[in-house]
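Within every chain, numbering begins at 1; the chains are lettered A, B, ... in the order of the sequence lines, protein sequences first and strands thereafter. Hydrogens, waters and symmetry mates play no part in the numbers below; they use all other heavy atoms, side chains included.
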Protein chains: 4
Amino acid sequence: MRRKSGDKEKRIADAAIRVFGRDGYHGAKITRIAEEAGVATGSVYLYFRNKQSILQYLFAKLWKELHVGFAYVAQQADLDPRTKVELIIDGILDQFEKNPSLALLFVNEQTQLLRDGTGEFMQYYVDFLQLGERVVRDGIRKGVFRPDVDPRIFTNLVFGATRQLLHQWARAPRQFPLDTVRREIKAVFFGGLLIPLSSTAPRA
Amino acid sequence: MRRKSGDKEKRIADAAIRVFGRDGYHGAKITRIAEEAGVATGSVYLYFRNKQSILQYLFAKLWKELHVGFAYVAQQADLDPRTKVELIIDGILDQFEKNPSLALLFVNEQTQLLRDGTGEFMQYYVDFLQLGERVVRDGIRKGVFRPDVDPRIFTNLVFGATRQLLHQWARAPRQFPLDTVRREIKAVFFGGLLIPLSSTAPRA
Amino acid sequence: MRRKSGDKEKRIADAAIRVFGRDGYHGAKITRIAEEAGVATGSVYLYFRNKQSILQYLFAKLWKELHVGFAYVAQQADLDPRTKVELIIDGILDQFEKNPSLALLFVNEQTQLLRDGTGEFMQYYVDFLQLGERVVRDGIRKGVFRPDVDPRIFTNLVFGATRQLLHQWARAPRQFPLDTVRREIKAVFFGGLLIPLSSTAPRA
Amino acid sequence: MRRKSGDKEKRIADAAIRVFGRDGYHGAKITRIAEEAGVATGSVYLYFRNKQSILQYLFAKLWKELHVGFAYVAQQADLDPRTKVELIIDGILDQFEKNPSLALLFVNEQTQLLRDGTGEFMQYYVDFLQLGERVVRDGIRKGVFRPDVDPRIFTNLVFGATRQLLHQWARAPRQFPLDTVRREIKAVFFGGLLIPLSSTAPRA
DNA sequence: GATGAATGAGCCTTCATTCAT
DNA sequence: GATGAATGAAGGCTCATTCAT
């Protein structure tokens with residue numbers, strides 16, 4: 001008999017990342033994914049129920065991997081909140097460092113899945129946002145973060161900002177080197193844009 | 001009552017905002033747009049070359065309107081940089097305050113147009129990013145902003161963060177009231193998350 | 001504007017009768033139906049939801065027409081039962097006299113629809129079988145038909161026999177002229193095959 | 001337990017009868033047949049050239065078995081014609097008594113094979129119809145059957161009627177018990193529906 | 001022989017766009 | 001200009017068949 005080659009699913013998934021990333025979910029043709037995977041069209045359907053489920057699989061996998069890092073952060077009770085925030089940001093950026101296509105997919109096609117609000121990845125996404133909130137709230141309680149920051153909004157700020165820069169990096173890696181991006185995000189989110197006048201927080 | 005034919009283009013555009021916003025660019029059907037506009041399918045093509053050009057038109061219009069505010073900011077040589085940044089953020093949020101559908105469109109479908117990199121809106125978008133850079137650079141020169149902030153990256157941070165929160169607001173206005181969002185964005189971007197230890201900037 | 005030509009639905013339906021009749025439901029391609037109807041492929045879907053619904057429409061129409069005749073028979077309280085049976089048989093045969101393709105469809109593809117047991121036609125079919133039963137039962141009560149005949153089975157006998165001969169006629173009209181078929185069916189079902197032992201043959 | 005490989009062909013054939021009968025020829029999937037046969041998909045093709053040939057095989061086998069009984073009838077020169085007709089009807093019904101799936105196959109999918117008019121089974125089918133004709137003609141000659149019956153049409157009447165009732169029985173065995181069906185068919189075809197005017201009904 | 005993963009031709013259906021009225 | 005019926009290219013998916021193991 002013909003053994004499942006084992007890497008075929010991976011080749012399809014990888015091709016899907018490239019094609020979805022390049023052409024967008026709707027611009028991506030199954031036949032093209034199969035072609036780039038070096039596989040017959042029908043073979044795609046041996047491993048995935050349909051086009052939508054490929055995207056779901058990719059996002060579930062992606063968020064599952066992000067989740068591993070986040071879970072680690074969540075468990076370290078003694079880690080200081082600032083480090084936790086840094087680890088979360090790093091966790092996201094590290095995930096894409098080697099794979100710009102994946103970044104494009106992540107940045108552009110999540111909408112596709114959010115629209116119906118189902119799918120395995122949804123849980124991880126919600127978990128992530130909650131984790132962010134918890135970390136910020138914890139930091140506030142410990143007197144490290146400003147008490148007037150809204151944890152949920154802050155988390156979304158970081159996520160949105162990171163997303164945008166990931167996008168820019170994936171489109172023009174030279175102009176947006178990931179290391180610089182990483183440093184800037186942290187610097188701005190921690191210290192803000194203003195030069196503090198004195199020791200009092202200049203907040204409204 | 002038979003409305004004046006003169007407003008047909010507007011009715012189509014408005015319907016398109018709703019339908020694109022609700023169903024996404026690819027999920028949107030021309031016939032549905034026509035229907036919501038109270039117009040025959042074919043009439044859409046009297047005012048727009050094709051589906052893509054409707055989206056281009058909407059984004060061009062949107063960015064043109066944003067641009068008006070930005071241009072004002074750019075011209076005020078004497079305005080302090082911090083206020084300029086605030087005006088830019090406000091400019092974006094104000095644009096969508098009355099129109100969640102437009103926010104969804106703005107947030108979800110820009111990708112569609114970025115993909116091919118052409119279109120009138122592109123110029124406005126690039127202009128906007130350059131304006132942001134200039135304002136930040138100006139602030140640094142004037143000693144108001146931290147000198148180690150990368151102006152281009154900072155601009156993208158703000159844009160990405162705003163985008164994300166606009167999305168959340170449009171999806172759940174109660175949980176993300178625009179006023180709170182507006183205040184938080186400014187607070188965080190200006191002052192950061194950390195409570196300054198003393199007067200020295202705590203940057204790496 | 002372009003007015004619905006009006007006969008397009010009919011042309012598609014007629015083409016469908018031919019193609020379904022000739023190639024069978026599964027062998028029939030929508031594109032071929034459209035072609036024979038002198039219509040674009042997509043136009044088929046202006047008039048019918050999908051392939052299956054074309055078949056359903058045709059059977060519903062067919063049985064509705066048969067039903068008209070049957071309903072007449074059912075209402076005539078004073079008609080003698082034998083004439084009623086004759087009218088029913090005639091009703092079926094008349095329906096197909098002008099249209100062998102329709103006969104092939106009727107004879108071969110009803111299975112397709114019986115399988116799921118739904119559809120408008122189903123009701124007419126059941127009605128028809130019940131009408132047959134009622135007529136036979138009535139005939140028995142009136143002492144015209146043999147009392148030991150099972151009305152339901154008899155009805156099915158007639159239907160099955162008629163179906164088979166319709167099939168043969170549609171395949172080879174010369175070998176199975178409809179008039180002969182009609183006469184034979186009645187003769188056999190009324191008088192049977194045997195020569196009555198003691199009486200003269202009561203045949204027409 | 002691993003069954004002897006020798007019965008694989010039979011297991012496939014039996015599974016095919018069930019699956020074809022249940023799902024129809026086109027609804028039947030080779031993989032499903034293999035599964036029900038407890039055999040790998042590819043193995044089906046070790047025993048049968050293709051899907052169509054499975055059906056052909058089944059019908060050939062079926063008709064070959066029917067033919068055995070018919071051949072016996074044909075050879076008995078001294079058997080009275082009426083008995084011959086009865087034996088033919090019994091032959092058909094007996095064949096399916098134990099196997100409703102086979103009945104469904106027989107009743108629904110013969111069309112599939114008639115369409116192209118080839119196949120081994122075709123000869124047996126034609127033979128059967130000719131036998132019927134011969135028997136009826138013989139009966140007429142012997143003065144037992146009505147001289148005005150068309151032998152070919154009569155044969156088709158019997159075949160069609162039997163087919164229909166086999167179908168009903170296979171769908172609802174309780175409502176159409178095979179014994180009742182058998183009796184009714186004979187009674188009606190021999191004696192007809194009408195009560196002979198001057199004689200007593202010559203029914204069993 | 002046996003297996004079941006792999007193949008790819010083929011078809012139903014959608015929908016942006018056109019065009020006769 | 002306005003209409004909406006008509007068009008037909010294109011693509012997701014199925015499944016009979018093949019073939020490497």
Item to complete: Identify whether NZ of Lys or CZ of Arg in K51(B) sits under 6.0 Å from the centre of the six-membered ring of Y25(B) and within 45° of that ring's axis.
Response: yes
Practice prompt. List in chain and number order the residues that pass ring-ring contact (aromatic ring centres under 6.0 Å, His included) with Y125(D), two or more places apart in sequence or in another chain; answer none if no residue qualifies.
Written response: W63(D), F159(D)
Separation of [N] [atom2] from [X] [atom1] (nearest whole Å):
{"X": "F48(B)", "N": "dT18(E)", "atom1": "CZ", "atom2": "C1'", "value": "18 Å"}
{"X": "R32(A)", "N": "dA10(F)", "atom1": "CZ", "atom2": "P", "value": "16 Å"}
{"X": "L46(A)", "N": "dA20(F)", "atom1": "CG", "atom2": "C1'", "value": "15 Å"}
{"X": "D7(C)", "N": "dA5(F)", "atom1": "CG", "atom2": "P", "value": "15 Å"}
{"X": "D23(A)", "N": "dA10(F)", "atom1": "CG", "atom2": "P", "value": "16 Å"}
{"X": "I33(D)", "N": "dG4(E)", "atom1": "CD1", "atom2": "P", "value": "17 Å"}
{"X": "E9(A)", "N": "dA5(E)", "atom1": "CD", "atom2": "C1'", "value": "13 Å"}
{"X": "R11(A)", "N": "dA5(E)", "atom1": "CZ", "atom2": "C1'", "value": "13 Å"}

Worksheet item: Is the closest basic N to carboxylate O distance between K64(C) and E120(C) below 4.0 Å?
Response: yes
Worksheet item: Salt bridge or not for E35(A) and K29(A), using N-O below 4.0 Å?
Response: no
Practice prompt. Could you check R11(C), R18(C), K10(C) and say which one makes a salt bridge (charged side-chain N to carboxylate O under 4.0 Å, His left out) with D14(C)?
Written response: K10(C)
Practice prompt. Using the six-membered ring wherever Trp is involved, compare the ring planes of F96(D) and F106(D) and label them parallel, tilted or perpendicular (cut-offs 30° and 60°).
Written response: tilted
Discussion item. If the cut-off is 4.0 Å, is K8(A) near the phosphate of dA5(E), judged by side-chain N/O to OP1 or OP2?
Written reply: no
Worksheet item: For dG1(F), does either OP1 or OP2 sit under 4.0 Å from a side-chain N or O belonging to Y47(B)?
Response: no
Response to the item:
Note: for V39(D) and A40(A) on DNA chain E, the residue whose nearest nucleotide lies more 5' is V39(D)
Practice prompt. Could you walk me through whether R163(B) and R163(A) pass the side-chain contact (heavy atoms from CB on, under 4.5 Å) test, one step at a time?
Written response: CA-CA 10 Å; R163(B) 210 179 99 120; R163(A) 211 179 99 119; 2.2 Å; yes
Discussion item. Determine whether R22(C) and V19(C) satisfy the following criterion, side-chain contact (heavy atoms from CB on, under 4.5 Å), listing intermediate values before the conclusion.
Written reply: CA-CA 5 Å; R22(C) 185 199 327 122; V19(C) 179; 4.2 Å; yes
Worksheet entry | Beyond-backbone contact of M122(A) with L114(A), side-chain heavy atoms, under 4.5 angstrom | yes
Distances for protein N or O near nucleotides 10-14 of chain E N or O, under 3.5 Å:
residue, atom, partner, partner atom, Å
dC12(E), OP1, A28(C), O, 3.2
dC12(E), OP1, K51(C), NZ, 3.1
dC12(E), OP2, I30(C), N, 3.1
dT13(E), OP2, Y45(C), OH, 2.7
dT13(E), OP2, K51(C), N, 3.0

Fill in: Which residue lies more 5' along DNA chain F, comparing S43(A) with G38(B) via nearest heavy atoms
G38(B)
Worksheet entry | Range-with-range stems for DNA chain E, at least three Watson-Crick or G-U pairs under 3.5 Å | E:2-21 with F:2-21
